[in-house]
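Keep in mind that the numbers below use all heavy atoms, side chains included, and drop hydrogens, waters and symmetry copies. Each chain gets a letter, A, B and so on, in the order the sequences are listed, and its residues count up from 1.
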Amino acid sequence: MIDCDIHVQIGDREQFLRFVEPGQRDWFREQGALLGTPGYTWVHPTGFMRAELEPGSGGMPASTPDLVRRELLDPYGVDLGLLTADDGIAVSLMASPYRAAAYARAHNDWLRDCWLDADPRLRGTIVVPAQDPLAAAEEINRVATDARFAAVLLCGGSERPYGDPRYLPVFNAAAEHGLPVAIHSGAEGLGISTSSGGAGMPSFYVEWHTLGSACSIMSHLVSLICHGTFERLPGLRVVLMEGGLGWLPGVLWRLDTNWRGLRSEVPWLERRPSEILREHIRFTTQPLEHTDGNDGLLFEMLEAVGAPGILCFASDYPHWDFDEPRQMIRRLPEAWRETVMHDNAAELFASRFGPVPM
Amino acid sequence: MSEWHDVGSAGDLDERGLLLARIGGREIGVLRDSATGTVHAVRNRCPHHGAPLCLGTVRDRLHGRPAQYVAGGGRVLHCPWHGWEFELGSGRCPDDERMRVAVYPVKIESGRVLIDA
């Protein structure tokens with residue numbers, strides 16, 4: 001089994017700060033718990049983390065490799081786990097690109113030394129300061145030499161959708177190293193990002209969690225395809241994380257329809273957008289919508305747009321809306337299980353993972 | 001069985017750019033592409049939603065690398081309702097292989113426009 005979304009936590013801030021360049025260390029220390037990354041306007045009413053998990057370093061769950069081993073890797077038989085930043089995902093939304101670059105460098109070095117060295121089943125994602133795309137590309141070039149980093153990580157919240165040509169240096173660098181780019185929902189409406197959902201700021205976390213995270217992923221998906229990102233970079237793969245899936249058939253049918261009538265705006269798209277998606281884009285499963293008994297309908301709709309070939313399992317440990325792996329296996333159609341729980345991620349990250357046992 | 005039908009004068013076609021005729025229950029339009037001077041006969045019903053296709057516009061189909069807009073992808077008839085494009089020569093919709101509009105041989109003889117339908 002491959003788990004594509006494990007949010008390790010910075011519990012020991014002083015341990016993390018040791019990876020920040022000395023001249024910036026005091027500034028980050030003085031920013032408090034979030035270390036300068038923008039905080040959520042909509043606080044989860046009962047906590048972002050699963051409440052029963054063991055508090056680790058600094059009182060944070062999932063803050064040591066031992067906790068991740070005992071609570072996720074060992075009990076569920078996870079063969080490889082992709083570590084995705086938590087607060088660090090919002091580094092691209094810090095006002096200062098220089099602070100952001102320092103944070104990203106520290107996060108990547110911390111992940112390498114404190115996590116990837118600790119367990120051979122762990123793989124990293126490269127945090128980058130996307131508000132400064134050249135600096136982001138430089139960071140990818142610096143870190144990608146370590147083959148345990150399996151993807152570049154971008155944040156759902158952004159200044160512009162990622163098809164915008166300003167971001168090309170980031171996608172170029174990722175493609176040059178054979179790294180997929182993971183775009184993980186989160187931080188929409190925070191820091192220097194635009195508002196989530198397109199209609200203004202929501203009032204509640206429940207609104208944000210329903211729409212903000214899904215809408216940003218939809219926007220990046222449509223933008224990357226329409227700008228011809230995959231025509232520019234035929235080897236590029238993108239994995240869209242934690243934005244939901246139920247909307248995907250509707251958005252793709254809508255995009256294909258609009259492409260037929262409005263293709264002269266984007267004449268470099270010689271194929272239907274849904275065909276481009278099947279070749280270049282993958283999705284992580286969590287949080288797979290609860291369907292009130294209509295799972296068959298959901299899977300049938302997803303099949304129409306490329307599932308199970310486009311889906312990779314993710315648990316989102318240690319977050320409150322964790323998808324329990326055994327429950328997910330039972331829920332998936334039998335013919336999908338190996339493909340979703342293992343094969344698609346093994347293929348997507350093949351150049352970095354090497355062979356992964358079933 | 002097809003046969004040549006007289007659908008109007010070449011002078012009217014030059015003046016209006018379009019002639020419409022009903023033949024065997026089907027409405028067929030004859031268009032003159034003002035850019036190339038070629039004449040085409042096309043069924044006046046879009047296979048997508050039934051729009052009067054021949055009231056659309058004839059344009060160059062664009063292509064190119066990302067960020068480039070290059071003419072020269074062939075002349076297409078652009079439907080007035082939803083903007084689907086159909087190749088003037090073949091009637092094929094290059095964006096959906098299931099969609100094709102009927103096109104007919106057309107000729108001008110002695111100042112009359114004739115179509116084989």
*asked:* Looking at every heavy atom in both Pro66(B) and Gly228(A), which two are closest together, and how far apart are they?
replied: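 That would be CG-O, 3.5 Å.
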Counting backbone as well as side chains, what donor-acceptor pairs lie under 3.5 Å between chain B and chain A?
unit_1	atom_1	unit_2	atom_2	d
Leu62(B)	O	Arg263(A)	NH1	3.4
Leu62(B)	O	Arg263(A)	NH2	2.5
Arg65(B)	NH2	Glu231(A)	O	2.8
Tyr69(B)	OH	Glu265(A)	O	2.7
Asp95(B)	O	Arg260(A)	NE	3.4
Asp96(B)	OD2	Arg260(A)	NE	3.3
Asp96(B)	OD2	Arg260(A)	NH2	3.4

*With Arg43(B), which residues qualify under side chain to side chain contact (heavy atoms under 4.5 Å, CB included), at least two apart?*
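Partners of Arg43(B) under the side chain to side chain contact (heavy atoms under 4.5 Å, CB included) test: Arg26(B), Arg45(B), Val101(B), Ala102(B), Tyr104(B).
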